[in-house]
Amino acid sequence: MRREQVFSGWGEPGAGPSISSHAVDFLRDELGIDGSVVSSAVALEDVRLGERGLDITPFAAIVGEEAVRTDREARVLRCRGKSYLDLLAQRAGDCEAAPDAVVAPADHHQVVAVLQHCAESGVAVVPFGGGTSVVGGLEPLRGRFEHAISLDLARLDRVVAVDERSLTAVVEPGLRLPEADRALAARRLTLGHVPQSYEWASVGGCVATRSAGQISTGRGRIDSNVVAVRCATPAGELATLDAPGSAAGPALRHLVAGSEGVLGVITQVSLRVHPLPAAQRFEGWLVPDFETGCEVVRRLAQAGAAPDVPRLSDEEETRYSLAFAGLGSLPRRALAGRCLLICGWEGTEDSIKRRRREASRALRRSGAWPATQRAGREWVRSRFAGPYLRDALMDRGVLVETLETATSWSNLAALHDAVSAALHASPRLIAGCHVSHLYPTGASLYYTVFARAGEEPAAQWRSLKTAATDAIVAAGGTLTHHHAIGRDHAPWLADEDGPLGVEILRAVKDRCDPAGIMNPGKLLPAMT
Ligand SMILES: Cc1cc2nc3c(=O)[nH]c(=O)nc-3n(C[C@H](O)[C@H](O)[C@H](O)COP(=O)(O)OP(=O)(O)OC[C@H]3O[C@@H](n4cnc5c(N)ncnc54)[C@H](O)[C@@H]3O)c2cc1C
């Protein structure tokens, strides 16, 4: 049996760290929560499920009876992703719209046959990789159809080929990231792709959403490591050549990467892989203020000397990160606007030494000084803890969610101010931000928001998210640097791509998926 997460939260039951008393005390003071558990998820047997009577016989004939599931657990687990809105609905047991069945093909040909049957009989298809979407990408919307299936890619989990000489690997999409890394580690290689959702996200889901991991500054985002793709669409196969570079017209692999299941299903992907690093080093610095920190990481990125993992917190994020780590007694006055910068380095001992020396010089010149060794170690230890703590905070009546964007270096400060102001228009709210994925031309901004959940927490978050997204669009940031569009950002897509851009995407979808069965309601805005 493949490992599964709990339907109403993150990870397997009982896994992950528990919330520290420092964090609860801090949020009690800041948000006015009382710190006790005030809400919990309904039991699986109390979840409300809709029944629509889909005939599953044709699916069983294609993939085998045991690979078609209609039981409560399978349908509830495939009902949504892991955003705050998803978890609110799952915890409340609202799965009326759950997929009618979960169908798990074993190979590309079975995927093609399932899509053909769905196109002929009018069944919506929601591809399911690791289930960690945070933008409503897995919502089983049916479009104009009565039925929807979740197309679970878990059985497409093979490493098809590894070319150690070219440093590429061909893998199937359902492989989870740790599984892919385990297989590659036997050859001293790694994907080098570590999003915070690493434990559960799949390779195919990451490609379908153009994900960026914590090491993206050093290793590149996943789409920049995609060499070739194979995609099964209802209209046929779209496969691109595995070549290191090509001028044969626009790169079609980039049309498939980021297509979020609306064109078809990625059934194979060839990725650039990286030598397993011989050494790693993580450390913390305190920079005089956020602006100075941005300047120093900009210069490092442009000089090719940036850490592989850079993470510069603004003042607010610095304050709560220290408080969560038990250093909340450090008075604001002592911090005086200083901001925490985590630097992570990977490679050989020598290369790390050389790059650290250059970065340390630039940091000291800017007035920064090294924080304790503990800061870097603490960040590594807790790099996957956030989503487990979110469950504990939701139990305690805290609204907690993240959002992200990116822009040029010249526009970074203005965008940061605009988004912070939009969020802080709501009273008694914490909205800390960090700069984390660096490019020579700009960087991403990633916000974490905490507030006391009101009577209508879903509406409360939607209103905050709308305000933040409107501010992002007005200030010239991207709708999303790495979470993708899904259902949640689709209404704003024309603001980023323009009306013609959206029409072009719609035309491609119509050609690949004439019946419109593929992941309805995602990526493309609703027709008006
Ligand atoms: C706690 C948490 C932390 C996160 N941290 C990060 C982060 O650091 N960086 C980051 O980039 N993202 C992050 N995310 C978002 C999420 O993990 C990414 O979007 C990830 O790429 C999704 O992968 P998945 O396998 O879970 O895909 P899923 O959630 O299963 O699917 C995502 C979308 O892709 C489609 N899809 C999935 N597989 C395929 C396929 N083979 N072919 C076609 N379409 C497909 C689905 O239909 C859906 O629309 C985080 C999410 C959570 C919950």
Side-chain angles (χ1 to χ4, degrees), residues 5 9-11 16 77-78 80-84 86-87 99 105 108 111 115 124-141 148 150-154 156-157 171-177 180 193-216 221-223 229-233 238 256-269 309 311 383-391 400-404 434 436-437 444 446 448 480-488 490 512-513 518-523:
Q5 299 201 63
W10 189 253
L77 277 167
R78 298 292 176 267
R80 294 185 174 86
K82 298 292 180 186
S83 70
Y84 177 68
D86 290 336
L87 296 188
H108 173 85
V111 173
L115 296 190
V125 179
V126 184
F128 190 99
T132 67
S133 167
V134 281
V135 289
L138 296 168
E139 185 89 24
L141 302 175
S150 171
L151 193 80
D152 188 341
L153 295 159
L156 276 87
D157 64 351
V171 298
E172 290 189 327
L175 209 59
R176 287 191 182 127
L177 298 173
H193 186 67
V194 189
Q196 196 192 32
S197 50
Y198 179 76
E199 294 162 279
W200 298 95
S202 69
V203 175
C206 288
V207 174
T209 56
R210 297 173 74 190
S211 154
Q214 292 166 344
I215 330 173
S216 85
R221 37 188 307 134
I222 201 149
D223 42 323
V229 288
R230 184 182 196 194
C231 181
T233 82
L238 181 58
V256 173
S259 60
E260 301 188 37
V262 308
L263 303 181
V265 178
I266 298 165
T267 55
Q268 200 163 289
V269 53
V309 182
R311 196 177 170 103
R383 67 197 293 191
F384 304 126
Y388 295 99
L389 302 183
R390 175 175 62 170
D391 292 346
V400 45
E401 184 55 303
T402 62
L403 57 92
E404 39 80 56
H434 59 252
S436 48
H437 306 269
S444 78
Y446 185 100
T448 305
T480 169
H481 170 262
H482 57 264
H483 282 168
I485 295 292
R487 171 208 55 197
D488 296 355
C512 293
D513 175 27
M518 295 308 307
N519 218 0
K522 318 297 160 46
L523 180 58

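Note that ligands are numbered from 1 as they come in the structure, with each ligand's atoms numbered from 1 the same way.
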Could you report the tightest heavy-atom contact between [X] and [Y], atom names first, then the distance?
X	Y	result
Phe128	Ser150	CB-OG, 3.6 Å
Leu523	Gly258	CD2-O, 4.1 Å
Pro127	Val265	CG-CG2, 4.2 Å

Looking only at protein heavy atoms, identify the closest one to [atom] and say how far it is in Å.
atom	result
atom 3 (C) of ligand 1	Gln196 OE1, 3.4 Å
atom 27 (O) of ligand 1	Gly205 CA, 3.4 Å
atom 32 (C) of ligand 1	Thr209 CG2, 3.7 Å
atom 10 (C) of ligand 1	His482 CD2, 3.3 Å
atom 34 (O) of ligand 1	Ala208 CB, 3.6 Å
atom 24 (P) of ligand 1	Gly130 N, 3.4 Å
atom 43 (C) of ligand 1	Gly264 O, 3.5 Å
atom 31 (O) of ligand 1	Leu138 CD2, 3.9 Å

Measure [X] to ligand 1 on non-hydrogen atoms and call it side chain, backbone, both or neither using the 4.0 Å cut-off.
X	value
Thr132	both
Trp200	neither
Asn519	side chain

Polar atom proximity, [X] to ligand 1 (N or O, under 3.5 Å):
X	value
Val126	no
Ile266	yes
Pro127	yes
Trp10	no

Quick one: which ligand 1 atoms are inside 4.0 Å of a heavy atom on [X]?
X	answer
Leu153	38 (N), 39 (C), 40 (C), 41 (N)
Val134	15 (C), 51 (C), 52 (C), 53 (C)
Pro173	41 (N)
Ala201	23 (O), 25 (O), 26 (O)
Cys206	21 (O), 23 (O)
Gly261	43 (C), 44 (N)
Ser133	29 (O)

Task: Heavy atom of Glu260, distance to ligand 1 below 4.0 Å - done: yes

- [ ] Report the C-alpha distance between Thr209 and Glu260 in whole Å, list the side-chain angles of each, state the deciding distance to 0.1 Å, and finish with yes or no for side chain to side chain donor-acceptor pair (under 3.5 Å).
- [x] CA-CA 6 Å; Thr209 56; Glu260 301 188 37; over 6 Å; no

Can you confirm whether [X] sits close enough to [Y] that some side-chain heavy atom of one is under 4.5 Å from a side-chain heavy atom of the other?
X	Y	value
Leu177	Pro195	yes
Ser83	Glu401	yes
Leu115	Thr233	no
Val135	Thr480	no

Check whether [X] reaches the backbone of [Y] with its side chain - one donor and one acceptor, N or O, closer than 3.5 Å.
X	Y	answer
Arg80	Leu87	no
Ser202	Gly205	yes
Lys82	Gly9	yes
Asp513	Met518	yes

If you take the nearest heavy atom of each of [options], which one is closest to [atom]?
atom	options	value
atom 30 (O) of ligand 1	Ala385, Gly129, Gly136, Gly137	Gly129
atom 28 (P) of ligand 1	Gly131, Gly213, Ala484	Gly131
atom 50 (C) of ligand 1	Ser211, Cys231, Ser197, Pro387	Ser197

TODO: Report the relative orientation of the aromatic rings in His482 and Tyr446; use parallel for angles under 30°, tilted for 30 to 60°, perpendicular for over 60°.
DONE: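 If you compare the ring of His482 with that of Tyr446, the planes turn out parallel.
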
Open item on the list: Regarding Glu139 and Arg487, does a basic nitrogen lie under 4.0 Å from an acidic carboxylate oxygen?
Closed with: yes

Task: Qualifying residue for side chain to side chain donor-acceptor pair (under 3.5 Å) with Ser216, from His193, His481, His437 - done: His437

